[in-house]
There are 2 protein chains.
Amino acid sequence: MPSSSSPRYQQLADVLARHIESGRYPVGSLLPPETDLAQQYGMSRHTVREAIRRLADMGLILRRQGVGTEVRARQPESRYVAALNTLSDLFQYTQRTKLKVMGEEWVIADAELAAQLHCELGQRWLKFLTCRYPTDGKIPIAYTEIFVYPMYEGIREQINNRSAWVHGLIESEYGEKIIEARQEIEPVLLSADIAKLLRASAGAPALQVRRYYFGAHGRLLSSSNNIYPEKRFKISTSWRLEWAK
Amino acid sequence: MPSSSSPRYQQLADVLARHIESGRYPVGSLLPPETDLAQQYGMSRHTVREAIRRLADMGLILRRQGVGTEVRARQPESRYVAALNTLSDLFQYTQRTKLKVMGEEWVIADAELAAQLHCELGQRWLKFLTCRYPTDGKIPIAYTEIFVYPMYEGIREQINNRSAWVHGLIESEYGEKIIEARQEIEPVLLSADIAKLLRASAGAPALQVRRYYFGAHGRLLSSSNNIYPEKRFKISTSWRLEWAK
DNA sequence: AAGTGGTCTAGACCACCGA
DNA sequence: CGGTGGTCTAGACCACTTA
């Protein structure tokens with residue numbers, strides 16, 4: 001008995017996971033009650049529960065009080081996850097940056113903008129034209145158009161005060177939590193006017209990154225369209241296996 | 001005493017979380033030992049441990065055997081996560097694709113390649129030159145250079161048999177789990193020779209996506225360098241707020 | 001060597017669910 | 001109502017870190 005290697009609850013968890021995978025405990029069926037398992041494997045119920053907790057963490061089983069422990073899946077989904085502590089980490093700037101607002105205007109969604117923002121035709125948006133600079137530099141990192149839902153136009157007052165993260169203002173000023181963010185990346189060439197703003201060459205390669213920020217009920221709160229010229233920025237994402245075992 | 005409302009471990013977890021937030025247990029300090037807490041709050045150590053487990057799940061504390069329970073943060077971080085069920089989902093091809101291998105060669109890492117692959121100078125790699133096509137089309141989606149660690153050169157036999165995912169072959173053929181993957185995205189212009197392969201125009205914008213696949217102990221198993229011309233591919237990632245509660 | 005968290009036991013009672 | 005998982009106790013010993 002290789003009791004030295006790992007805790008008994010882990011050994012039991014492994015055994016049960018194998019039995020689930022082998023089909024001895026089919027998906028949809030119930031595992032034996034905890035007391036039965038305890039007797040069967042000669043350990044206390046507490047240890048059995050610790051083992052079963054592992055299986056639950058892996059998503060293999062579902063525990064329901066008064067019913068039993070139901071098998072949900074034969075194998076743990078090998079999920080790879082990437083995590084951010086703040087959505088502003090999407091930017092991944094190694095250095096601090098500041099935002100310079102070059103203009104703002106109200107826009108009415110035409111067909112193209114409505115498609116881009118997934119809104120109805122004629123929807124009004126407050127649009128900011130901005131450039132993002134390193135705090136200590138004069139070469140912009142990005143040209144950014146920011147679209148804000150009219151309800152939140154009040155952030156206009158704040159947008160130049162804080163160097164940080166525009167979309168986060170909606171969270172802090174209006175208490176509207178950002179639930180989801182989507183990021184879309186495509187390659188583009190710099191147009192002459194944006195190239196001039198960015199002090200880069202027209203026709204140089206760039207990343208177009210569109211970000212959409214959603215609140216409760218999937219409502220789009222704000223959106224941005226970012227142009228990053230080459231060499232100044234790299235988008236990097238790490239994915240980790242969730243249950244490294 | 002609102003003992004009816006929630007389990008005692010939850011009540012204790014709430015109390016401790018408040019104390020951490022208030023600064024009574026500052027970040028970096030150690031919580032009292034479990035036995036002390038048990039006596040102080042008049043409950044068993046098991047219940048205390050259940051409470052502390054909650055705090056650990058929220059990321060507020062770090063438990064270290066032989067040391068103690070260290071306070072890590074005053075508030076649970078609002079974490080945003082993106083999840084993939086398979087690393088091949090990184091590709092996000094809406095349609096099925098096939099891989100066409102156009103050539104293979106052994107390469108010795110010079111300074112540039114060593115930097116790219118984070119390996120030592122002189123390291124040997126097996127390099128495949130490939131294009132990825134939709135199964136029903138003749139226009140390639142991407143030009144891809146694949147680097148494989150010599151130990152896994154056996155996948156050479158398989159690479160043309162399966163249309164699927166090259167790096168996954170290492171998992172299935174060698175039982176070497178991919179623990180982590182990193183993706184780096186930069187804008188580039190198509191060079192003349194790659195443009196020809198991709199049936200696109202030289203000088204057109206493209207995404208250069210470098211992916212690194214790591215196994216146990218952070219060892220690089222394989223890597224790829226992908227060139228996606230505009231319009232044929234869009235990289236999209238969704239981040240969701242994870243409810244730490 | 002002392003003290004910490006990690007594991008484990010053998011009990012007990014409670015809350016919930018379905019027949 | 002009986003049986004399930006959920007909570008909880010009062011012990012015990014082990015593994016690990018630090019001094």
Side-chain angles (χ1 to χ4, degrees), chain A residues 1-17 19-20 25-73 243-245, chain B residues 1-17 19-20 25-73 245:
Chain A
M1 191 188 305
S3 64
S4 58
S5 51
S6 60
R8 300 185 68 184
Y9 67 79
Q10 186 61 59
Q11 297 178 37
L12 177 57
D14 292 344
V15 167
L16 293 177
H19 286 170
I20 288 171
Y25 299 130
V27 172
S29 70
L30 293 179
L31 248 50
E34 296 176 351
T35 45
D36 289 14
L37 289 172
Q39 192 171 18
Q40 183 179 338
Y41 290 95
M43 48 181 71
S44 77
R45 187 172 159 229
H46 175 76
T47 305
V48 170
R49 282 179 63 74
E50 202 63 38
I52 291 182
R53 192 200 293 256
R54 266 30 181 213
L55 301 182
D57 286 346
M58 289 191 292
L60 289 180
I61 54 135
L62 179 67
R63 309 162 92 167
R64 274 187 297 166
Q65 196 175 50
V67 178
T69 304
E70 184 188 334
V71 178
R72 295 183 79 184
W243 299 290
K245 214 183 49 145
Chain B
M1 193 189 307
S3 64
S4 57
S5 50
S6 61
R8 299 186 68 185
Y9 66 79
Q10 186 61 57
Q11 297 178 36
L12 177 57
D14 292 344
V15 167
L16 293 176
H19 286 170
I20 288 172
Y25 298 131
V27 172
S29 69
L30 293 179
L31 248 49
E34 298 176 351
T35 46
D36 290 14
L37 288 173
Q39 190 170 19
Q40 183 177 339
Y41 290 94
M43 48 182 70
S44 78
R45 189 174 154 225
H46 175 77
T47 305
V48 170
R49 281 180 63 75
E50 201 63 39
I52 290 182
R53 193 201 293 256
R54 263 40 180 204
L55 300 182
D57 287 346
M58 289 191 291
L60 290 181
I61 54 140
L62 179 67
R63 307 162 93 168
R64 273 187 298 167
Q65 196 177 53
V67 179
T69 305
E70 184 189 332
V71 179
R72 295 183 80 183
K245 215 189 50 155

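Remember, it's a predicted structure, so these values are computed and weren't measured experimentally. Quick note on labels: first sequence line is chain A, next is B, and so on, each numbered from 1.
- For the pair B:Leu30 CG and C:dG3 P, the interatomic distance rounds to 15 Å; values are reported in whole Å.
- Place A:Gly66 and A:Arg54 on DNA chain C by their nearest nucleotides, and A:Arg54 ends up nearer the 5' end.
- Counting heavy atoms from C-beta outward, B:Leu55 and B:Thr69 have side chains that stay 4.5 Å or more apart.
- Here C:dG3 presents its C1' atom at 16 Å from CD of B:Gln39, a figure rounded to the nearest Å.
- One can place CZ of B:Arg63 at 16 Å from P of D:dC16, the figure rounded to the nearest angstrom.
- In terms of phosphate contacts, A:Thr47 brings a side-chain nitrogen or oxygen within less than 4.0 Å of OP1 or OP2 of C:dT9.
- Put simply, the side chain of A:Arg64 and the base of D:dG6 share no donor and acceptor less than 3.5 Å apart.
- Looking at the side chain of A:Arg49, the nearest of the listed nucleotides D:dC8, C:dG6, D:dG5 is D:dG5.
- Nearest heavy atoms, B:Ser44 versus B:Ala38: C-CB, 4.0 Å.
- For the pair B:Gln65 CD and C:dA2 P, the interatomic distance rounds to 19 Å; values are reported in whole Å.
- The heavy-atom pair separating A:Tyr41 from A:His19 by the smallest distance is OH-CE1, 3.8 Å.
- Comparing D:dT9, D:dT4, D:dA15 against the side chain of A:Pro33 picks out D:dT4 as the nearest.
- Among the nucleotides D:dA12, D:dT7, C:dC8, the one closest to any side-chain atom of B:Arg45 is D:dA12.
- Nearest to the side-chain atoms of B:Arg8 among the listed nucleotides D:dT9, C:dG5, D:dG5 stands D:dT9.
- In this structure, B:Glu34 places its CD atom 14 Å from C1' of D:dA15, rounding to the nearest Å.
- Between B:Tyr41 atom OH and D:dC8 atom C1' the separation is 18 Å, expressed in whole Å.
- The residue from B:Leu30, B:Val27, B:Leu16 that alone fulfils the side-chain contact (heavy atoms from CB on, under 4.5 Å) condition with B:Val71 is B:Val27.
- Whole-Å rounding puts the B:His46 NE2 to C:dA12 P distance at 17 Å.
- The separation between B:Glu70 atom CD and C:dG3 atom P is 21 Å, rounded to whole Å.
- Comparing C:dG18, D:dG6, C:dA10 by their closest approach to the side chain of A:Val67 singles out C:dG18.
- Across all strands, A:Thr69 comes closer than 4.0 Å only to sugar-phosphate atoms, never to a base (heavy-atom distances).
- Side-chain contact check for B:Arg49 versus B:Arg53: every heavy-atom pair is 4.5 Å or farther apart.
- Considering only side-chain N and O atoms, A:Tyr9 lies under 4.0 angstrom from the phosphate OP1 or OP2 of C:dT7.
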